[in-house]
Amino acid sequence: GTLSHGAVDVENDRFRSATGVGGEWHRQLTELRTVSVVAQYADLDYPGANQVRNSRVSGVGAGLRQGFAARWQPLVSGSINYSEERNTENRPDLGRNILAARVGLNLSPDPKWGLSGAYTHNDGRYRADDPLLLTARKDRQSALELAAIYLYSRQLSLRGELFWTANHSNLALYQFDRTMVTFKVRYDF
């Protein structure tokens with residue numbers, strides 16, 4: 001199980017906060033193959049004039065991981081998820097259904113180092129017509145993720161990530177590209 005909280009700031013002003021819970025169940029079928037089921041729930045809170053975007057998101061998904069007894073210990077994974085974002089401010093045009101698929105590859109070139117890459121594709125269908133543009137928004141989003149992790153000790157790890165996202169929409173206003181770099185320090189108890 002997980003508890004999470006995150007925030008997005010734009011030009012030093014809070015744009016969105018997200019608080020959520022999730023649960024995962026894993027079943028190891030063989031020494032190298034695992035299946036999983038996931039369920040998630042989150043509250044998305046927007047301050048000020050953006051409060052009209054407040055929503056609740058719930059989702060379910062399933063995945064498969066397959067390892068290989070080979071050099072660098074390759075691990076291939078795939079998953080499919082379905083989520084519903086329901087606007088809590090009586091704006092169904094800001095709520096959507098999302099179908100997502102993801103494939104990934106993890107490699108361990110050294111016992112202290114890990115490398116990973118993943119590709120994700122999302123289709124988002126909004127629940128009602130945009131009140132100004134008079135059509136329901138439909139998005140197709142592609143994302144590429146690259147990461148490197150260094151295991152400093154059994155408990156402490158350092159991770160760097162690069163994310164690239166491209167959103168294509170039937171409404172040109174919502175098309176964008178985004179690049180994000182993150183650095184994480186994790187301590188396991």
Side-chain angles (χ1 to χ4, degrees), residues 1-8 15-16 18-42 44 57-85 96-125 138-152 155-169 174-188:
T2 60
L3 296 173
S4 63
H5 179 77
V8 175
F15 177 71
R16 179 186 71 214
T19 304
V21 296
E24 295 182 32
W25 175 82
H26 296 266
R27 170 86 173 151
Q28 189 167 343
L29 300 176
T30 69
E31 185 178 343
L32 298 174
R33 184 175 297 149
T34 304
V35 294
S36 61
V37 177
V38 62
Q40 300 172 324
Y41 172 86
L44 303 180
V57 181
S58 57
V60 295
L64 174 67
R65 291 187 329 176
Q66 176 67 52
F68 298 91
R71 187 175 177 208
W72 289 24
Q73 303 169 359
L75 177 66
V76 177
S77 60
S79 64
I80 189 161
N81 298 75
Y82 176 77
S83 300
E84 292 183 352
E85 181 177 351
R96 60 190 167 152
N97 298 333
I98 305 166
L99 183 61
R102 177 182 170 95
V103 294
L105 172 66
N106 292 38
L107 301 170
S108 298
D110 181 85
K112 288 192 170 261
W113 282 95
L115 304 172
S116 65
Y119 174 77
T120 304
H121 182 81
N122 295 322
D123 278 331
R125 307 262 181 208
K138 298 173 189 167
D139 289 356
R140 289 181 340 269
Q141 188 176 92
S142 297
L144 182 63
E145 173 188 337
L146 301 172
I149 186 168
Y150 176 70
L151 304 174
Y152 182 78
Q155 292 84 21
L156 182 63
S157 63
L158 308 171
R159 182 178 177 99
E161 299 174 329
L162 171 66
F163 297 94
W164 173 81
T165 304
N167 195 72
H168 303 283
S169 179
Y174 299 108
Q175 296 191 132
F176 64 86
D177 290 339
R178 177 183 301 140
T179 302
M180 181 172 64
V181 176
T182 64
F183 297 98
K184 299 177 181 179
V185 177
R186 177 176 170 158
Y187 188 86
D188 291 315

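Only heavy atoms go into these numbers, but all of them, side chains included; no hydrogens, no water, no symmetry mates.
Closest heavy-atom contact between Thr179 and Trp164: OG1-CD1, 3.6 Å. For the pair Leu44 and Ala18, the tightest heavy-atom approach, listed with the atom from each and the gap, is CD2-CB, 3.5 Å. Pairing each heavy atom of Leu64 with each of Arg33, the nearest pair is CD1-CG, 3.6 Å. Scanning all heavy atoms of the two residues, the minimum distance from Gly114 to Pro109 falls at CA-CD, 4.5 Å. Across Ser169 and Asp139, no two heavy atoms sit closer than the pair OG-OD1, 2.7 Å.
Judged as a ring pair (Phe, Tyr, Trp, His ring centres under 6.0 Å), and not counting sequence neighbours, Trp72 has no contacts. For Lys112, there are no side-chain hydrogen bond (donor to acceptor under 3.5 Å, both in side chains) partners two or more places apart in sequence or in a different chain.
Residue pairs meeting the side-chain hydrogen bond (donor to acceptor under 3.5 Å, both in side chains) criterion with at least one member in residues 18-31, sequence neighbours excluded, are His5-Thr19, Glu24-His26.
For the atom pair CD of Gln175 and NE2 of His168, the computed distance is 7.0 Å after rounding to the nearest 0.5 Å.
You'll find the side chain of Thr165 stays beyond 4.5 Å of the side chain of Asp177, heavy atoms only. Contact of the Leu158 side chain with the Leu151 side chain is not registered, since no non-hydrogen atoms from C-beta on lie closer than 4.5 Å. You'll find the side chain of Val35 reaches within 4.5 Å of the side chain of Leu29, heavy atoms only. Side-chain contact between Asn97 and Tyr82: present, with at least one pair of heavy atoms (C-beta onward) separated by less than 4.5 Å. Between Leu162 and Glu145 there is no side-chain heavy-atom pair separated by less than 4.5 Å. Side-chain contact check for Phe68 versus Val76: some heavy-atom pair is nearer than 4.5 Å. Side chains of Ile149 and Trp113 form no contact here, defined as non-hydrogen atoms less than 4.5 Å apart.
Between the side chains of Asn106 and Ser116, no donor N or O sits under 3.5 Å from an acceptor N or O. Residues Tyr119 and Ser142 bring a donor and an acceptor atom of their side chains to less than 3.5 Å of each other. With 3.5 Å as the limit, one finds no donor-acceptor pair spanning the side chains of Glu84 and Ser58.
The only option from Arg102, Arg140, Gln141 that meets the side-chain contact (heavy atoms from CB on, under 4.5 Å) definition with His121 turns out to be Arg140. Each of Thr120, Val38, Asn122 was evaluated against Asn81; a single residue qualifies, Val38, per the side-chain contact (heavy atoms from CB on, under 4.5 Å) test.
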* **Worked verdict on Gln66 versus Leu75 for side chain to side chain contact (heavy atoms under 4.5 Å, CB included)** => CA-CA 6 Å; Gln66 176 67 52; Leu75 177 66; 5.7 Å; no

* Asked: Could you walk me through whether Asp188 and Arg186 pass the salt bridge (charged side-chain N to carboxylate O under 4.0 Å, His left out) check?
  -> CA-CA 7 Å; Asp188 291 315; Arg186 177 176 170 158; 2.9 Å; yes

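A side-chain donor-acceptor contact under 3.5 Å links Asn167 to the backbone of Tyr174.
Under a cut-off of 6.0 angstrom, the local environment of OH in Tyr152 is sparse, with at most 12 non-hydrogen atoms contributed by other residues, nucleotides or ligands.
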